[in-house]
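A short write-up of the structure that comes next.
Counting from 1, the numbers follow the sequence of the chain as shown. Counting convention: from 1, in listed order, for ligands and their atoms alike.
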Amino acid sequence: MDHFLYRDGILHAEDVPLPDIAAAVGTPFYVYSTATLTRHYWLFDEALVGLDHLVCYAMKANSNQAILKLMAGLGAGVDVVSGGEYARARAAGFSGERIVFSGVGKTASEMHAALIGGIRQFNVESEPEMRALSEIAVSLGLTAPVTVRVNPDVDARTHEKIATGKSENKFGIPIGRAREVYAEAAALPGIEVVGIDVHIGSQLTDLDPFREAYLKVAALTRQLRADGHDIRRLDLGGGLGIPYERSNLAPPLPTEYGAVVHETVGDLGCEIEIEPGRLIAGNAGILVSSVIYVKSGEGRDFLILDSAMNDLIRPAMYGAYHDIVPVVEAAPGAEPHPYDIVGPVCESGDTFAKARSMPPVAAGDLVAFRSAGAYGAVMSSEYNSRPLIPEVLVQGDQHAVIRPRPTFDEMINRDTIPEWL
Ligand code: LLP
């Protein structure tokens, strides 16, 4: 459920009519709902009731400072994957105790900064990383709390570019080698083993791969405890999918996911962490765009929008589907029409949808891409020198720009000219 609904034929973000925001900030723009973000956080928190747990929002999905501040205020932890994300988390008010640091390629300076600034745990993905971390911690007179990310060799049955839990993927250490890696970890002076980490992929629409992976983690927990390790924390990753295509079967709910967590690892007495990103932010945001032209092509009509692949790359990059709806509801009985929906960028890949059936629209109309709150703004670029588009946050009848659109001059003046030119 989200808070983008039609009222009197006009699509609203909570209580704010989208045409009002379009008039204030211009199109295209992203808009997020505080109520939906909050609701999604609580769904996960409630799904884990009965277990000592922390929901660590995976900020890679949407790392706007306002959204991070909202999450911090709700009591969330946060999952970061770079020095920049760590800095964002701290700036938004997360204490080090609520920050977990994931990622296959943490650099020495990133580990250094997190150790000094405070960190709940590093999710370590390889032996060389673990050794480097130990050395840095020792040089600072500190000990780094660590989970090892294991790769359980489970097929997440999702898009190949966002599956991470198969042995051919670059993530984690093969679960079969976990005991030897933990033995080395226990011997390293700068490392304190606190638990196990696993994350098998994103946009999972089936609970079975989670169940399979978590059962493997449960068995490993028992084994490692028998080996003498203090496994007290399990980070189970993110990955629960969202319904992008409303007409399709909905993916499992956070409560059903929570039941799998209880069933598989609930009896181990571990503190449970999860790292959802998409489910919290995805359906809490939409992208609003204007139709520039409707162009008749050979056997097809193109809807040329003022947003493009640089603003929302998911369709071009993953062939992802996003619902695209008119902001002003079509008159009853209006015949749907098939459109190829494209942006103005100079490549054919700049296509959001082909032969998409939607109510007839005309130049100047507003359309909204649903489910664009996660991996939308964060993956955008200024390709074709199209400035990053604004982000707006709504709460009830209030709205605020949480990232303004840069002017052309601001965009241009980030470049510097060498003195010899
Ligand atoms: N934890 C780790 C270690 C991750 O790598 C990810 C996502 C998450 C948590 C959050 O997963 P989520 O709950 O959001 O599924 N750009 C792609 C998605 C890439 C996901 C990368 N890792 C997309 O637009 O679909």
Side-chain angles (χ1 to χ4, degrees), residues 30 37 40-41 43-44 47 54-63 67 71 76-82 85 89 99-106 120-126 129 147-152 156-166 169-173 196-207 209-210 213 234-245 251-254 257 261 272-285 287 309 311-322 352 369 371-381:
Y30 280 101
L37 287 160
H40 289 164
Y41 168 77
L43 285 179
F44 276 113
L54 185 65
V55 177
C56 297
Y57 170 59
M59 77 151 82
K60 61 169 72 69
N62 188 321
S63 52
I67 291 186
M71 286 295 142
V78 66
D79 172 50
V80 306
V81 292
S82 69
E85 287 198 349
I99 305 176
V100 302
F101 204 141
S102 300
V104 286
K106 301 174 199 78
R120 179 181 182 81
Q121 90 214 14
F122 292 92
N123 295 334
V124 164
E125 301 222 13
S126 68
E129 180 197 344
T147 72
V148 176
R149 177 167 175 182
V150 293
N151 184 325
R157 292 176 223 151
T158 183
H159 191 284
E160 58 159 336
K161 286 193 179 149
I162 54 176
T164 56
K166 285 292 282 174
N169 301 131
K170 68 182 175 185
F171 299 99
I173 56 130
I196 307 174
D197 171 46
V198 69
H199 169 79
I200 56 173
S202 198
Q203 185 54 17
L204 273 71
T205 51
D206 179 355
L207 291 175
F210 285 119
L234 300 180
D235 183 335
L236 301 176
L240 190 58
I242 62 171
Y244 279 101
E245 230 176 312
L253 301 171
Y257 169 80
V261 173
I272 302 298
E273 295 162 346
I274 55 169
E275 301 169 348
R278 188 191 310 267
L279 201 140
I280 289 181
N283 282 331
L287 166 60
M309 64 191 289
D311 305 310
L312 177 67
I313 202 169
R314 302 192 71 258
M317 188 155 173
Y318 312 112
Y321 179 99
H322 285 262
F352 292 118
F369 290 72
S371 314
Y375 307 112
V378 284
M379 293 180 78
S380 58
S381 74

Original post:
Between Val378 and Ala61, what is the shortest heavy-atom contact and its length?
Top reply: CG2-O, 3.4 Å

Original post:
Taking atom CG of Leu236 and atom NE2 of His199, what is their separation to the nearest 0.5 Å?
Top reply: 11.5 Å

Original post:
Which residue holds the protein heavy atom closest to atom 8 (C) of ligand 1, what is that atom called, and what is the gap in Å?
Top reply: His199 CE1, 3.4 Å

Subject >> The one among Glu275, Arg278, Glu125, Met379 that brings a heavy atom closest to atom 1 (N) of ligand 1 >> reply: Glu275

**OP:** Fit a plane to each ring of Phe122 and Phe101, take the angle between them on a 0 to 90° scale, and name the class: parallel (under 30°), tilted (30 to 60°) or perpendicular (over 60°).
**Re:** parallel

**OP:** Quick one: pull up NE2 in His159 and OH in Tyr318 and give me the separation to the nearest 0.5 Å.
**Re:** 8.0 Å

Subject >> Distance-minimising heavy-atom pair for Tyr257 and Gly237 >> reply: OH-O, 4.0 Å

**OP:** For Gly238, take its heavy atoms, then give the atoms of ligand 1 lying under 4.0 Å from any of them.
**Re:** 9 (C), 13 (O)

**OP:** Supply the atom-to-atom distance Lys60 NZ to Ser102 OG, rounded to the nearest 0.5 angstrom.
**Re:** 6.0 Å

Subject >> Arg314 neighbourhood, listing ligand 1 atoms whose heavy-atom distance to it stays under 4.0 Å >> reply: 23 (C), 24 (O), 25 (O)

**OP:** Classify the side-chain pair Asn123/Thr147 by whether it contains a donor and acceptor separated by less than 3.5 Å.
**Re:** yes

**OP:** Distance to 0.1 Å, residue and atom name: give those for the protein heavy atom nearest to atom 20 (C) of ligand 1.
**Re:** Tyr375 OH, 3.6 Å

Original post:
Which of the numbered atoms in ligand 1 are below 4.0 angstrom from a heavy atom of Pro276?
Top reply: 13 (O)

Original post:
Is the shortest distance from a heavy atom of Gly239 to ligand 1 less than 4.0 Å?
Top reply: yes

Subject >> Per atom 15 (O) of ligand 1, closest listed option by heavy atom (Ser202, Gly172, Gly237, Gly241) >> reply: Ser202

Original post:
Using a heavy-atom cut-off of under 4.0 Å, does the side chain or the backbone of Ala58 touch ligand 1, or both, or neither?
Top reply: side chain

Original post:
Looking at CG of Asn62 and OH of Tyr30, how far apart are the two atoms once the value is rounded to the nearest 0.5 Å?
Top reply: 9.0 Å

Subject >> Heavy-atom pair with the smallest gap, counting every atom of Gly77 and Leu54 >> reply: N-CD1, 3.8 Å

Subject >> Under-4.0 Å heavy-atom contact with ligand 1, by part of Lys60 that carries it >> reply: side chain

Subject >> Spacing of Phe210 atom CZ and Leu204 atom CG [to the nearest 0.5 Å] >> reply: 4.5 Å

Original post:
Judged by non-hydrogen atoms, does His159 sit under 4.0 Å from ligand 1?
Top reply: no

Original post:
Which one holds for Val81 and ligand 1: side chain close, backbone close, both close, or neither close, with close meaning a heavy atom under 4.0 Å?
Top reply: neither

**OP:** Could you tell me which atoms of ligand 1, counted from 1 in the order shown, lie closer than 4.0 angstrom to a heavy atom of Gly277?
**Re:** 12 (P), 13 (O), 14 (O)

Subject >> Rounded distance (nearest 0.5 Å) linking atom NE2 of His40 with atom CZ of Arg278 >> reply: 13.5 Å

Original post:
Hey, is Asp79 one of the residues with a heavy atom under 4.0 angstrom from ligand 1?
Top reply: yes

**OP:** Give the numbers and elements of all ligand 1 atoms closer than 4.0 Å to a heavy atom of Arg149.
**Re:** 3 (C)

Original post:
Against heavy atoms of Ile162, which atoms of ligand 1 measure under 4.0 Å?
Top reply: 17 (C), 18 (C), 19 (C), 25 (O)

Subject >> Met59 contact mode with ligand 1 (heavy-atom cut-off under 4.0 Å) >> reply: neither

Subject >> atom 17 (C) of ligand 1: the protein heavy-atom neighbour that sits closest, reported with distance to 0.1 Å >> reply: Tyr318 OH, 3.1 Å

